[in-house]
Protein chains: 2
Amino acid sequence: MKTRRTALLSIVAVLASTTSTMGQSDPLPSWNDVKSKSAIIEFVERVTDDSNQDYVKPAERIATFDNDGALWSEQPFYFQLAFALDRVKAMAPQYPEWKEKQPFKAALEGDLKTVMAGGKKSLLELIAVTHAGMTTDEFEEIVTDWISTARHPKTGMLYNEMIYQPMLELLIYLRANEFKTFIVSGGGIEFMRPWTETTYGIPPEQVIGSSIKTKFEIRDGKPVIVRLPEIDFIDDNAGKPIGIHSHIGRRPIFAAGNSDGDKEMLEWTTIGRTPSLGVIVHHTDAKREWAYDHDSHIGKLDKALDAAPRQGWIVIDMKNDWKKIYPRSK
Amino acid sequence: MKTRRTALLSIVAVLASTTSTMGQSDPLPSWNDVKSKSAIIEFVERVTDDSNQDYVKPAERIATFDNDGALWSEQPFYFQLAFALDRVKAMAPQYPEWKEKQPFKAALEGDLKTVMAGGKKSLLELIAVTHAGMTTDEFEEIVTDWISTARHPKTGMLYNEMIYQPMLELLIYLRANEFKTFIVSGGGIEFMRPWTETTYGIPPEQVIGSSIKTKFEIRDGKPVIVRLPEIDFIDDNAGKPIGIHSHIGRRPIFAAGNSDGDKEMLEWTTIGRTPSLGVIVHHTDAKREWAYDHDSHIGKLDKALDAAPRQGWIVIDMKNDWKKIYPRSK
């Protein structure tokens, strides 16, 4: 019975998506009628038209998206760092010595400048206590609790409400055209997976990110995977094509990012590869979101922005191209 | 136009698969009517029936399969080793010194005993010259050439003709019931990906395996990923649950293997997890394939076989349970 019902639902879903892409309705309603929007639609129509020489088989329609600054906001600092600081606060009662010990003291006082001054060593110490030492199931529960309760200090929104409505529409539009959408983020793979499916419609097996080492063991007769305080893989810069190759094993034909950390992913997707499309979200909207690029400490967009015209990458001017930022924005 | 046609094809595919699972036709025709077959069918019917307490949503229907000895043969030695030896022979004219240098001398003479006597060091040297030092595109081409021309010394078949017809039917049956099928093999991930989609219907992004390190670079203006002579990850034993967690991010509900290297994958899939099914292919057919288990150097099945009754894992008796071995067998 279920098989039949699911089959029928699949048919409805396929027909619905077909109708919306074939009909007159606008697949990207939160986008102004600007060059970036028409370039994206033109690309999708071209690769899905089997009479076009640029036609691409559905199986090869791989689209990769950065997360921080490309699908959700990343200011005033990466949301995963907010998670780590919240964890330090939640765990502090069990570690009274943190009141006197850096970087925990600074983290507890919200003194990010001191945390950052400690460099990589400080960050690794924070990761070790907040992201390791538990099983993967326990970590998933911690992240799920946090994402459904913690609020952004400036907007007061849940963090996964601070996702970009125009990019959500783009994900849905690509999937309706039989693209397979992946996240390829410098953020932690296990930090994203608990909520990407409900937030973006991207299942855990299509999420690629940075990781720490893990260990399989049988504990009290039950198999567990334990998170270890050691970096395994950094999915940023040249790590992005490596992560894509390791997890997907195909080159994408579409990639979207927003910072220099996405440059190599954009290169891997587009250089010498036809058809392909690279997209950069340029944060130009100080009023509705944030405005930053060349000199930003978070989401620095410098070399990739300079390379965009030469490489034919589409630059999205957030302020002028998007009618609305977040799903709940007016 | 294409979108519409593909949508129609999808509907046809969905209806076809629905019909075959709902109708009277046997989804596993190459299986005798034995306990292993009925246990598999009973499991699939249970997890796909939404009125059953064991119902599992399609997104959670993850099935993982070992490759060597579970989907294709692995005797008299792993087919990837045959590939490596063939590569040494093909490359030998460029390396006259190999005639006097181990392990290459032994490899050229087909003297596996001497190769193996060199242990891990010898194998790594062979991997370094046969699997590294080229771009991923170049390696893909080498593997594609090999798999479409090299023949097994005993059967004379192409290596990817030595796949198990009953397991192929099982893969198709699971997918028709909205399972997502993955390969989780100790074999090289990039050695498998070029041919798993045409051979098993498993796309590259659903193949997990052992890997060597790689490096992204721009070479002559084009982005490439270069294969380095250094092991990155061994997807065997406890590596299998780790690889599954890294690539899929969900626990499977179904796993099939054939050796002790699959024990941890079977544990991760089944222990303390309901519903779930673990399956072991037991090589019992010396006449049509090979017969080996506890004492085999290749595909040793000892502890996992002993654990099977205790863990409720289904053991497939190849000789008695399967009507036919390979697709082209009589």
Side-chain angles (χ1 to χ4, degrees), chain A residues 1-8 10-11 14-15 17-18 21-22 48-52 55 58-59 62 136 176-178 180 182 189-190 193 197 203-207 211 213-218 221-223 225 232 237-242 245-250 264 267-268 271-273, chain B residues 1-8 10-11 14-15 17-18 21-22 48-52 55 58-59 62 136 176-178 180 182 189-190 193 197 203-207 211 214-218 221-223 225 232-233 237-242 245-250 264 267-268 271-273:
Chain A
M1 275 308 282
K2 178 58 193 172
T3 306
R4 182 192 225 156
R5 207 181 115 204
T6 311
L8 288 173
S10 303
I11 293 169
V14 169
L15 288 177
S17 65
T18 310
T21 53
M22 283 168 57
T48 54
D49 172 4
D50 66 0
S51 69
N52 193 302
Y55 173 73
I62 303 293
T136 51
N177 282 281
E178 296 178 88
K180 204 162 182 176
F182 289 80
I189 189 167
E190 297 308 325
R193 282 174 162 169
E197 188 151 31
E205 62 268 30
Q206 285 161 226
V207 175
S211 55
K213 288 197 189 290
T214 58
K215 189 183 161 220
F216 175 82
E217 63 182 48
I218 305 285
K222 295 276 165 67
I225 294 179
D232 179 50
N237 300 108
K240 291 207 174 193
I242 300 293
H245 189 69
S246 162
H247 283 258
I248 310 178
R250 312 187 201 247
E264 287 83 354
E267 290 169 344
W268 180 237
I271 298 183
R273 182 154 168 83
Chain B
M1 274 312 280
K2 179 58 195 173
T3 307
R4 183 193 223 155
R5 208 183 112 204
T6 310
L8 288 174
S10 303
I11 293 169
V14 169
L15 288 177
S17 67
T18 310
T21 53
M22 284 167 58
T48 54
D49 171 4
D50 65 0
S51 70
N52 193 303
Y55 173 74
I62 303 293
T136 51
N177 282 282
E178 295 179 87
K180 205 165 183 174
F182 288 81
I189 188 167
E190 297 308 326
R193 281 174 164 170
E197 187 152 30
E205 62 268 29
Q206 285 162 227
V207 176
S211 56
T214 59
K215 189 184 161 219
F216 175 82
E217 64 182 47
I218 304 286
K222 296 275 164 68
I225 294 179
D232 179 49
F233 177 67
N237 301 108
K240 292 208 174 192
I242 300 294
H245 189 68
S246 162
H247 283 258
I248 310 178
R250 314 188 202 246
E264 287 84 354
E267 290 170 343
W268 180 237
I271 299 183
R273 182 155 170 82

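Naming: A, B, ... by sequence-line order, numbering from 1 per chain. In this text, all values refer to a predicted model and were calculated from it rather than measured experimentally.
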| field | Choice from A:Gly221, A:Ser211, A:Gly249 maximising heavy atom contacts with chain B below 4.5 Å | value |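 Going by pairs under 4.5 Å, I would pick A:Gly249.
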
| task | Heavy-atom pairs under 4.5 Å with chain B are the metric here; pick the option from A:Ile189, A:Val207, A:Thr136 that has the most. | result |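 Most pairs with chain B among the choices: A:Thr136.
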
| message | Would you compute the distance between atom OG1 of B:Thr214 and atom NE2 of A:His245 and round it to the nearest 0.5 angstrom? | response | 6.5 Å

| message | Rounded at 0.5 Å granularity, tell me how far CG in B:Asp232 sits from CD1 in A:Ile242. | response | 9.5 Å

| field | Under 4.5 Å from any heavy atom of chain B - which part of A:Ser246 | value |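 A:Ser246 touches chain B through backbone and side-chain heavy atoms alike.
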
| Which region of A:Lys215, side chain (C-beta onward) or backbone (N, CA, C, O), has a non-hydrogen atom less than 4.5 Å from a non-hydrogen atom of chain B, or is it both or neither? | backbone

| query | Which atoms of B:Ile225 come close to chain A, meaning under 4.5 Å heavy atom to heavy atom: side chain ones, backbone ones, both, or neither? | reply | both

| task | Identify which of B:Ala59, B:Gly239, B:Gly272, B:Pro241 forms the greatest number of heavy-atom pairs closer than 4.5 Å to chain A. | result | B:Pro241

| request: Pick whichever of B:Arg273, B:His247, B:Glu267, B:Lys180 has the most heavy-atom pairs under 4.5 Å with chain A. | output: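 Greatest number of close heavy-atom pairs with chain A: B:His247.
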
| query | Is there side-chain contact between B:Asn237 and A:Phe216, with heavy atoms separated by less than 4.5 Å? | reply |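 They are not in side-chain contact.
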
| request: With sequence neighbours left out, write down each residue that passes salt bridge (charged side-chain N to carboxylate O under 4.0 Å, His left out) with B:Glu264, or none if nothing qualifies. | output: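 In terms of salt bridge (charged side-chain N to carboxylate O under 4.0 Å, His left out), with neighbours along the sequence ignored, B:Glu264 is linked to no residue.
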
| task | Go through the structure and list residues passing side chain to side chain contact (heavy atoms under 4.5 Å, CB included) with B:Pro203, not counting sequence neighbours. | result |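 Residues passing side chain to side chain contact (heavy atoms under 4.5 Å, CB included) with B:Pro203: A:Arg250, B:Glu197, B:Glu205, B:Gln206.
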
